[in-house]
Amino acid sequence: MLHKIMAYKYEDDNIFAKILRGEIPNDTVLENEYALAFRDINPQRPHHVLIIPKGRYVSFDHFAKEAADDQIIGYIQAIGAVCDLLNVSIDNGDGFRMIANSGQHGVQEVPHLHVHILGGSSCGKMIQS
Ligand code: AMP
């Protein structure tokens with residue numbers, strides 16, 4: 001029986017790695033020990049923020065499987081804090097869409113895990129048919 005050996009391969013020359021190293025400027029919204037949140041350079045809604053973990057993870061599935069518990073907690077808490085900062089939380093705002101494009105079929109452009117938080121106006125139906 002053939003076993004396909006798959007491994008997540010993180011490339012250190014991706015643009016978000018450069019942002020984390022301070023080589024490229026960014027419009028920071030929030031930073032903690034585990035995550036950096038900054039405005040998307042090409043916003044698709046009035047609020048469009050990207051949140052990236054500081055670790056070397058390609059995608060959400062990579063992160064979910066290999067990140068340490070404190071990294072996962074710190075990252076998820078940063079996402080919640082960004083929702084509060086943008087006033088899109090559903091307890092006191094109008095909501096948001098969170099997107100994590102992953103890999104080829106997810107049409108991921110930058111191979112460092114990021115979630116998009118989009119809000120400030122309706123994001124429409126979930127996905128194009
Ligand atoms: P994705 O298709 O999910 O990989 O999306 C990558 C996102 O990164 C796009 O929405 C881009 O507009 C955004 N982006 C690319 N370069 C930068 C940058 N230097 N600063 C902020 N956002 C960026």
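Atoms within a ligand are numbered from 1 in the order they appear, just like the ligands themselves.
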| said: Pairs of nitrogen or oxygen atoms closer than 3.5 Å, one from V110 and one from ligand 1: do any exist? | reply: yes

| Under 3.5 Å, is there a donor-acceptor pair between the side chain of K54 and the main chain of Q71? | no

| Structural part of V107 in contact with ligand 1, heavy atom criterion under 4.0 angstrom | backbone

| query | Honestly curious: do V110 and V29 fall in one hydrophobic cluster under the side-chain, below-4.5 Å linking rule? | reply | no

| message | Determine whether a donor-acceptor pair (N or O, by modelled atom type, separation under 3.5 Å) exists between the side chain of Q108 and the backbone of V58. | response | yes

| task | Give the atoms of ligand 1, by number and element, whose distance to some non-hydrogen atom of L50 is under 4.0 Å. | result | 8 (O), 13 (C), 22 (N)

| task | For ligand 1, find out whether one of its N or O atoms is nearer than 3.5 Å to an N or O atom of F16. | result | no

| query | Of all the atoms in ligand 1, which lie at a distance below 4.0 Å from a heavy atom belonging to F38? | reply | 21 (C)

| query | Which atoms of ligand 1 have any heavy atom of N101 under 4.0 Å away? | reply | 1 (P), 2 (O), 3 (O)

| task | For N42, counting its heavy atoms only, list the atoms of ligand 1 lying under 4.0 Å from any of them. | result | 12 (O)

| query | Would H47 and F96 count as a close aromatic pair, with their ring centres under 6.0 Å? | reply | no

| remark: of all protein heavy atoms, closest to atom 9 (C) of ligand 1 is D40 OD2, 3.4 Å

| message | Check this for me, if you would: do D13 and K18 make a salt bridge, where the nitrogen-to-carboxylate-oxygen distance has to be below 4.0 angstrom? | response | no

| said: Has E11 got a side-chain atom pairing as donor or acceptor with K9's backbone, closer than 3.5 angstrom? | reply: no

| request: Fit a plane to each ring of H48 and H116, take the angle between them on a 0 to 90° scale, and name the class: parallel (under 30°), tilted (30 to 60°) or perpendicular (over 60°). | output: tilted

| remark: Closest to atom 4 (O) of ligand 1 among protein heavy atoms sits E109 N, 2.7 Å

| query | In terms of atom number and element, which parts of ligand 1 are under 4.0 angstrom from non-hydrogen atoms of R39? | reply | 21 (C)

| For ligand 1, is there an N or O atom under 3.5 Å from any N or O atom of H114? | yes

| request: Indicate, with yes or no, if the rings of Y57 and Y8 have centres closer together than 6.0 Å. | output: no

| remark: Of all protein heavy atoms, the one nearest atom 23 (C) of ligand 1 is I41 CG2, 3.5 Å

| query | With a cut-off of 4.0 Å, which atoms of ligand 1 are near a heavy atom of Q108? | reply | 4 (O)

| message | When you measure from the side chain of R97 to the backbone of I117, do you find a donor-acceptor pair of N or O atoms at a distance under 3.5 Å? | response | no

| Out of curiosity, is H116 lining ligand 1, as in a heavy atom under 4.0 Å away? | yes

